[in-house]
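Data first, discussion second: the structure below is written as structure tokens.
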Amino acid sequence: MKFEILHKDESTNARAGIIETTRGKIETPVFMPVGTQGTVKALSPEDLTDAGAQIILSNTYHLYLRPGHETVNKLGGLHKFMNWSRPVLTDSGGYQVYSLAKLRKITQDGVTFQSHIDGSRHFLGPRESMAIQKALGSDIVMAFDECAPYPADYEYVHNSVKLTSKWAKVCLDQELGEGQNLFGIVQGGMYSDLREMSAKELVEMDFPGYALGGLSVGEESDIRERVISETVQFLPDNKPRYLMGVGKPEDILEAVILGVDMFDCVMPTRNARNGSLFTDSGRLVIKNAAYIEDSAPVDENCGCYTCRNYSRAYLRHLFMANELLAYRLNSIHNIYYYIHFMDRIKNAIKDNKLLEFKKEFYKLRS
RNA sequence: GGAGAGGUUCCCGAGUGGUCAAAGGGAGCAGACUGUAAAUCUGCCGGCUAAGCCUUCGGAGGUUCAAAUCCUCCCCUCUCCA
């Protein structure tokens with residue numbers, strides 16, 4: 001994997017670059033749609049490429065439980081299995097340590113999960129996570145970390161950072177497949193010194209890319225931005241930086257300004273399924289009665305398949321009637337919005353106009 | 001014509017003397033979703049000059065301190081038999 005910065009914005013820390021993987025190039029800043037179970041919910045791979053997706057996310061824990069990584073491997077790996085030939089990044093299962101907190105127990109060696117599907121017990125540690133991700137054949141492999149909750153006291157987070165560093169080293173020692181690249185994940189909660197410690201320990205290990213984990217867990221956006229900026233300063237300039245799980249368009253914009261290159265979030269797809277559509281003037285809740293007879297598209301300026309062909313009134317009808325097409329059309333729009341939002345940010349960086357873009361962005365939604 | 005069942009707040013449907021503005025569901029209205037246990041979850045859902053009052057349980061009348069609940073008559077639905 002190769003990462004090259006093509007341009008740096010003059011007035012912010014934003015960068016526009018390109019990641020080269022064996023499965024193709026990824027222009028950054030990039031948004032990666034989330035396809036936890038080997039599918040971006042409601043969308044086909046064609047829908048994703050049409051919307052401009054360059055890389056998608058998938059998940060170690062979920063694919064391990066179902067259908068099983070060995071099964072996926074026997075069927076030719078995740079890309080072939082799901083008919084997606086562009087790059088895939090797999091999360092390690094570290095987020096499930098947080099999201100499935102009630103169903104797991106952490107030890108020094110890893111985490112014992114009780115399956116949310118059938119209650120059976122499964123051990124997932126750094127070795128297991130690497131082996132699973134190797135079998136899946138993803139292009140970017142995430143280290144197995146502990147995503148700490150928020151709020152959490154200093155001692156808890158301190159231990160969490162030490163554990164994450166210990167596991168990161170184990171991950172690094174595991175053999176991966178051809179073309180696979182392992183990213184380390186910085187933890188440290190909202191504590192500046194722990195973020196610094198975590199970042200330095202991981203940078204010492206020399207990963208091809210670094211992620212900021214443990215954010216978007218309920219903290220205020222100003223706290224998040226503080227942590228991002230405090231963390232990024234300890235990360236090498238010439239490696240991609242990935243902010244995990246963030247977020248709203250405005251959150252992403254702020255993080256790009258602070259020097260982040262990669263993002264993922266369930267928000268565009270989940271909100272689409274719940275009737276909330278992203279536009280430059282804010283979120284449009286398609287189920288609102290205001291759109292019953294509205295013949296306009298969701299967003300007049302949007303070039304997505306949904307906006308080119310369907311009215312708000314029709315989308316509202318599909319949603320209210322629980323029609324399956326609603327999920328697909330809404331998801332197409334939101335994913336397109338996010339991806340093109342990143343394109344506009346990227347172009348603004350190349351033109352040294354990111355701050356102007358930001359100003360215009362907030363003006364439109366007020 | 002005979003026998004039976006029933007009419008409850010937008011809909012379905014509980015409730016058979018006071019704890020009933022009336023369970024529950026649906027529909028509707030609004031909100032939340034941040035490395036997906038999410039096509040999920042939450043709130044509202046008769047009116048008002050609101051810790052109180054007013055109107056409501058097919059219609060009219062009556063019994064009672066008190067009626068969606070008991071009585072009388074009327075109207076209307078449905079099922080079965082002829």
Side-chain angles (χ1 to χ4, degrees), chain A residues 31-43 55-63 65-66 88-104 113-119 129 133 138 140-148 150 164 183-187 209-221 223-224 228 242-252 254-255 260 262-278 283 285-292 316 318-331 334 338:
Chain A
F31 178 79
M32 308 179 280
V34 179
T36 303
Q37 306 208 68
T39 168
V40 176
K41 295 185 194 297
L43 299 179
I55 169 173
I56 61 170
L57 218 75
S58 200
N59 184 278
T60 300
Y61 170 84
H62 288 280
L63 291 176
L65 281 184
R66 187 168 56 190
V88 172
L89 179 153
T90 42
D91 186 28
S92 60
Y95 185 72
Q96 278 62 47
V97 177
Y98 162 78
S99 66
L100 301 177
K102 276 165 278 185
L103 296 171
R104 54 76 173 154
F113 286 96
Q114 188 155 16
S115 163
H116 65 283
I117 300 167
D118 64 5
S129 181
Q133 294 184 75
S138 50
I140 297 175
V141 168
M142 298 308 297
F144 187 66
D145 62 330
E146 187 207 345
C147 179
Y150 175 79
T164 295
F183 279 28
I185 304 176
V186 178
Q187 289 292 339
Y210 297 92
L212 287 79
L215 291 167
S216 65
V217 288
E219 76 283 358
E220 299 299 315
S221 59
I223 294 177
R224 176 168 54 249
I228 292 167
Y242 162 30
L243 176 56
M244 308 184 81
V246 173
K248 294 174 189 164
E250 54 268 37
D251 299 333
I252 291 176
E254 297 297 342
V260 177
M262 303 166 70
F263 301 87
D264 79 278
C265 189
V266 304
M267 195 162 268
T269 42
R270 178 181 288 169
N271 282 23
R273 277 177 277 116
N274 293 328
S276 191
L277 304 175
F278 289 90
R283 284 193 243 175
V285 182
I286 198 65
K287 63 186 170 183
N288 284 176
Y291 307 119
I292 290 174
R316 178 185 136 92
L318 291 180
F319 191 85
M320 296 306 278
N322 298 316
E323 280 294 339
L324 299 180
L325 186 58
Y327 305 120
R328 175 162 174 254
L329 294 180
N330 290 348
S331 297
N334 275 356
Y338 263 67

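Below, chain A is the first sequence line, B the second, and so on; all start at residue 1.
Spacing of C1' atoms, C12(B) relative to A27(B), comes out at 10 Å, to the nearest Å. Here the separation of A82(B) from G13(B), taken at their P atoms, is 29 Å to the nearest Å. When the P atom is compared between G4(B) and C11(B), the two are found 30 Å apart, to the nearest whole Å. One P atom belongs to C73(B), the other to U9(B), and the distance between them is 25 Å to the nearest Å. Using P as the reference atom, G46(B) and G2(B) are 44 Å apart when rounded to the nearest Å. Comparing G26(B) with G17(B), their P atoms sit 30 Å apart, to the nearest whole Å.
OP1 or OP2 of G35(B) has not a single side-chain nitrogen or oxygen of Q96(A) nearer than 4.0 Å. Side-chain nitrogen and oxygen atoms of R270(A) include none within less than 4.0 Å of the OP1 or OP2 phosphate oxygen of A39(B). At least one side-chain nitrogen or oxygen of N288(A) sits closer than 4.0 Å to the OP1 or OP2 atom of A30(B).
The side chain of M267(A) lies closest to U34(B), out of U34(B), A39(B), G35(B). Of the candidates A39(B), A37(B), G35(B), A37(B) carries the atom nearest the S99(A) side chain, counting heavy atoms from C-beta on. In the set U34(B), A39(B), G31(B), the nucleotide with an atom closest to the side chain of K287(A) is G31(B). Nearest to the side-chain atoms of R224(A) among the listed nucleotides U34(B), G35(B), A39(B) stands U34(B). The R316(A) side chain lies nearest to C29(B) when the options are G35(B), A38(B), C29(B). Distances were taken from every side-chain heavy atom of V285(A) (C-beta onward) to each of G31(B), A37(B), G35(B); the shortest belongs to G31(B).
Applying the side-chain hydrogen bond (donor to acceptor under 3.5 Å, both in side chains) test to Y61(A) and every residue at least two apart in sequence or in another chain returns H116(A).
If you check residues 243-251 of chain A against RNA chain B, the residues with a heavy atom closer than 4.0 Å are M244(A), G245(A), V246(A), G247(A), K248(A), D251(A), listed by number.
Within the 4.0 angstrom heavy-atom criterion, no nucleotide atom of any strand lies near G218(A). At the heavy-atom level, L100(A) lies under 4.0 Å from base atoms of the strands shown.
Of the nucleotides present, none pairs with U55(B) by Watson-Crick or G-U wobble criteria with both distances under 3.5 Å. The pairing partner recorded for A68(B) is none, the criterion being a Watson-Crick or G-U wobble arrangement whose two distances lie under 3.5 angstrom. With a cut-off of 3.5 Å on both pairing distances, the Watson-Crick or G-U wobble partner of U40(B) is A32(B).
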